[in-house]
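Here the structure is laid out as structure tokens; the discussion comes afterwards.
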2 protein chains.
Amino acid sequence: MNSSSAKPRKPGHAATLADVGRAAGVSAMAASAVLNGARTSARISDETRERILEAARQLNYRPNATARALTSRRMNTLGLATTLKREELNQYFLEVFSGVMEAGAELGQNTTVFALEDWHRQAARIPAFCDGRIDGLILLAPQLDEQEAQRLPDHTPILSIHSNVLIPGVINLEPDDEAGAQAMVTRLLGMGHRRILHLAGPEHSLGARRRVQGYLRAHALAGLAPPPDYVVDGEFTADSGRRRLEQWLDQHRGEELPQAIFAGNDSMAIGCLDVLVARGLQVPQQISLVGFDDTQLARSARLATVRQPLRDLGQRAARLLVASVDAKLGEGPAPDITNVVLPTELVDGATLGAPRSASLLIR
Amino acid sequence: MNSSSAKPRKPGHAATLADVGRAAGVSAMAASAVLNGARTSARISDETRERILEAARQLNYRPNATARALTSRRMNTLGLATTLKREELNQYFLEVFSGVMEAGAELGQNTTVFALEDWHRQAARIPAFCDGRIDGLILLAPQLDEQEAQRLPDHTPILSIHSNVLIPGVINLEPDDEAGAQAMVTRLLGMGHRRILHLAGPEHSLGARRRVQGYLRAHALAGLAPPPDYVVDGEFTADSGRRRLEQWLDQHRGEELPQAIFAGNDSMAIGCLDVLVARGLQVPQQISLVGFDDTQLARSARLATVRQPLRDLGQRAARLLVASVDAKLGEGPAPDITNVVLPTELVDGATLGAPRSASLLIR
DNA sequence: GTGAAAGCGCTAACAG
DNA sequence: CTGTTAGCGCTTTCAC
């Protein structure tokens with residue numbers, strides 16, 4: 001047996017454990033024991049161990065992750081499922097993703113992203129993600145109905161962020177949408193704003209609905225009622241913000257211009273800003289504009305907004321999910337949490353000012 | 001043998017091929033053949049096939065990706081390695097990533113992201129990514145020296161975007177940095193700007209250096225020379241843009257204010273904008289500001305910038321990489337491309353205007 | 001101290 | 001047409 005010559009593999013093949021063993025003149029599992037620092041390795045002679053380590057170094061040995069996963073039932077990879085539109089980058093995703101990556105990396109986890117075009121249309125793809133390539137799955141702002149939620153696989157730990165429905169057995173993390181919206185609108189009202197247009201997110205988004213509730217409650221608590229038709233549904237994208245505001249302004253031509261716009265999220269606010277600038281309206285002198293989320297867009301546009309702790313949400317999600325995975329593999333206690341609601345806070349910006357005193361009509 | 005009863009597995013285990021076979025009263029490989037639609041399956045009786053399909057449906061069978069990968073040597077997953085700073089989200093990454101996801105998804109590929117803190121310090125981690133969990137790796141704006149490049153594993157196809165060095169055997173995609181910078185500066189000069197401060201990216205970034213070259217060449221071609229100390233190195237982050245500009249302005253107090261700032265990328269430009277606004281300077285009436293990249297930040301801040309086709313870069317990367325993977329597995333020809341340079345284009349914005357006529361001193 | 005054997009879930013190449 | 005066998009690379013258990 002040519003056990004001495006470490007035969008060079010043609011490029012295209014990684015060295016295997018057997019290769020290392022062969023090169024070191026030992027069995028593959030002796031190599032395995034040494035390279036894993038397993039307790040078995042204590043019972044291997046120092047000389048042999050050295051030879052094995054040297055051979056591994058020479059051959060540039062890297063354990064194959066898929067083979068390892070097959071036995072350990074673990075890939076050390078987290079999945080993050082989200083909708084990513086072709087047209088517009090999702091800043092909300094980027095913030096959460098970055099938190100997941102960060103906390104995941106600290107726990108030795110990689111992150112794989114699954115992009116869905118639409119939760120309802122593609123819900124059937126979710127079980128396919130849980131085919132062993134990831135150990136746990138984070139659903140980012142999923143919109144599933146009861147039925148779809150029931151069909152989620154139960155052999156892979158799942159966690160949702162900002163979910164539309166509470167899914168049994170699935171931890172959910174979310175910001176306090178209603179309180180955040182209420183605080184922002186209360187602030188606007190406190191500054192004297194009375195005609196506050198709310199460009200809301202989509203009808204089917206629970207978070208969007210809660211922000212509307214906050215908007216309404218702030219008014220109610222102040223003993224006020226928003227003007228009629230002052231809540232408009234949109235899509236959580238800049239393009240939607242742009243189009244909906246245009247449309248609304250066209251429909252309300254000749255009426256008094258709102259004193260402020262409270263957009264359902266930062267992207268929509270950016271879309272609104274485009275429209276206002278295009279119409280030559282001065283922000284915030286003639287009209288104030290605030291968003292929701294506190295993504296980087298808000299910071300770059302100097303937008304006043306409601307901060308939700310997106311990065312923190314992502315970090316917590318990763319940590320809780322890893323704990324769930326550990327628990328499933330019998331390596332720790334399962335997190336005894338089901339639903340976490342994180343607080344929001346108001347963020348100042350250049351787009352928020354006192355309401356104008358003069359009357360200004362939409363044209 | 002209790003071959004008839006599909007014994008319900010305790011949750012926590014996915015159904016295996018053997019389970020399906022057992023439930024259908026056939027062998028695992030009969031099940032495999034049917035479920036893969038392999039040509040072998042043509043030779044299985046319709047009745048058996050039905051039973052197998054039914055059992056699979058009942059058990060909610062999903063083939064295990066890691067087991068499959070072990071034989072097929074393919075995970076259908078692309079890796080994307082990048083630096084992600086804790087403090088600041090990388091918009092450049094988001095754009096490219098989104099292109100990779102998009103084109104990858106069309107080819108049935110998932111995307112796993114690997115975050116490095118620093119290319120040099122963590123270059124040694126790269127081979128570990130290529131341990132079978134991904135089929136090919138994209139290096140996003142890597143900064144490797146010759147030695148580190150040599151140590152890249154050769155058993156996994158690798159492709160770089162905007163690489164610092166041309167790595168043998170690694171396809172590289174990049175924008176035409178120099179031409180883009182030159183075009184922008186030529187435009188500024190054409191509008192009458194003469195004192196154009198260039199806040200460049202880091203010294204060790206080839207892209208940043210090329211942008212400086214473009215800046216200088218534009219001047220040279222116009223028969224002009226930039227004022228002394230008008231090229232300043234920075235870090236490609238908003239924070240760096242902020243700090244470096246502050247610093248520079250402090251050092252040049254009492255001198256004439258630049259007429260324009262050409263930032264090395266959009267993030268830096270946003271940082272500059274913060275400083276200018278904080279100092280009460282009007283953009284673009286008193287000073288123009290332009291960036292580079294055309295990320296979403298530019299759009300939200302209405303920043304004039306140089307567009308590099310980041311998304312397209314990502315898409316091409318994914319397609320070329322998949323082709324390389326196919327080729328490696330003997331399923332197609334290898335792409336015969338080594339280096340692709342994509343054109344840039346100028347993007348208008350609200351931060352670019354004619355140079356002020358009045359003199360204005362830094363204070 | 002070290003090696004042999006079995007198995008993770010799947011597929012491919014054979015026999016029956 | 002169907003079942004058996006072997007093996008992908010690794011780990012774990014158990015003899016030696």
Side-chain angles (χ1 to χ4, degrees), chain A residues 1 3 9 12-52 56 59 61-76 130-133 135 155 329-330, chain B residues 1 3 9 12-52 56 59 61-76 130-133 135 155 329-330:
Chain A
M1 291 60 174
S3 62
R9 315 206 49 147
H13 279 84
T16 150
L17 210 41
D19 293 333
V20 174
R22 209 172 300 130
V26 298
S27 70
M29 30 94 9
S32 168
V34 168
L35 294 168
N36 286 327
R39 42 188 195 298
T40 332
S41 73
R43 309 193 321 237
I44 285 181
S45 75
D46 281 3
E47 195 254 344
T48 310
R49 138 190 266 91
E50 251 331 305
R51 246 185 314 140
I52 292 174
L59 294 175
Y61 170 75
R62 304 279 158 192
N64 179 300
T66 61
R68 193 172 251 185
L70 198 52
T71 53
S72 72
R73 314 191 145 280
R74 183 149 198 173
M75 274 293 279
N76 290 307
C130 304
D131 61 357
R133 77 184 58 214
D135 305 316
H155 58 268
L329 296 178
Chain B
M1 295 58 174
S3 64
R9 317 206 46 145
H13 279 84
T16 150
L17 211 41
D19 293 334
V20 174
R22 209 174 299 129
V26 298
S27 71
M29 29 92 11
S32 168
V34 167
L35 293 169
N36 287 327
R39 42 187 195 298
T40 333
S41 72
R43 310 191 323 233
I44 285 181
S45 76
D46 281 2
E47 195 253 344
T48 311
R49 140 190 264 91
E50 251 330 305
R51 248 185 312 141
I52 292 173
L59 294 174
Y61 170 76
R62 303 277 158 195
N64 179 299
T66 60
R68 196 172 248 184
L70 199 51
T71 53
S72 72
R73 315 194 145 281
R74 183 149 198 174
M75 275 291 279
N76 289 306
C130 305
D131 61 358
R133 74 185 60 216
D135 305 317
H155 58 270
L329 296 177

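What you see is a predicted model; the values in this text were computed from it and never measured. Throughout, a chain's letter reflects where its sequence line sits, starting with A, and its residues are numbered from 1.
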What is the separation between atom CD1 on B/Ile52 and atom C1' on D/dT2, rounded to the nearest whole Å? 10 Å
In whole angstrom, what separates A/Asp131's CG from C/dC8's P? 19 Å
Could you work out, with side-chain hydrogen bond (donor to acceptor under 3.5 Å, both in side chains) as the rule, every residue matching B/Asn64, not counting sequence neighbours? B/Thr66
Calculate the interatomic distance between B/Arg74 atom CZ and C/dC10 atom C1'; express it in whole Å. 17 Å
Could you tell me if the side chain of A/Val26 sits less than 4.5 Å from the side chain of A/Val20, heavy atoms only? no
How would you list, by chain and number, every residue that makes a side-chain hydrogen bond (donor to acceptor under 3.5 Å, both in side chains) with A/Arg68, sequence neighbours excluded? A/Asn36
Is there a side-chain contact between A/Cys130 and A/His155 (heavy atoms, below 4.5 Å)? yes
Whole angstroms only, please: what is the CZ-P distance between B/Arg22 and D/dT2? 20 Å
Using the C1' atoms of the five pairs at each end, what is the angle between the end axes of the helix from C/dG1-D/dC16 to C/dG16-D/dC1, to 10°? 60°
Side chains of A/Tyr61 and A/Asp19: closer than 4.5 Å at any heavy-atom pair? no
Contacts under 3.5 Å, N or O only, protein and nucleotides 7-11 of chain D:
residue: D/dC8; atom: O3'; partner: B/Arg73; partner atom: NH2; Å: 3.0
residue: D/dG9; atom: OP1; partner: B/Arg73; partner atom: NH2; Å: 2.4
residue: D/dG9; atom: N2; partner: A/Ala67; partner atom: O; Å: 3.4
residue: D/dC10; atom: OP1; partner: A/Tyr61; partner atom: OH; Å: 2.7
residue: D/dC10; atom: OP1; partner: A/Asn64; partner atom: N; Å: 3.1
residue: D/dC10; atom: OP2; partner: A/Thr16; partner atom: OG1; Å: 2.9
residue: D/dC10; atom: OP2; partner: A/Leu17; partner atom: N; Å: 2.4
residue: D/dT11; atom: OP1; partner: A/Asn36; partner atom: ND2; Å: 3.1
residue: D/dT11; atom: OP1; partner: A/Arg68; partner atom: NE; Å: 2.9
residue: D/dT11; atom: OP1; partner: A/Arg68; partner atom: NH2; Å: 3.1
residue: D/dT11; atom: OP2; partner: A/Ser32; partner atom: OG; Å: 2.8
residue: D/dT11; atom: OP2; partner: A/Asn36; partner atom: ND2; Å: 3.2

Check side-chain contact (heavy atoms from CB on, under 4.5 Å) between A/Arg74 and all other residues, then give those that pass, not counting sequence neighbours. A/Ser72, A/Asn76, A/Gln109, A/Asp135, A/Val322, A/Val325, A/Asp326, A/Leu329, A/Glu331
Just verifying a value: how many Å separate B/Leu17 CG and B/Arg62 CZ, rounded to the nearest 0.5 Å? 13.5 Å
By side-chain contact (heavy atoms from CB on, under 4.5 Å), which residues pair with A/Ser27, not counting sequence neighbours? A/Met29, A/Ala30
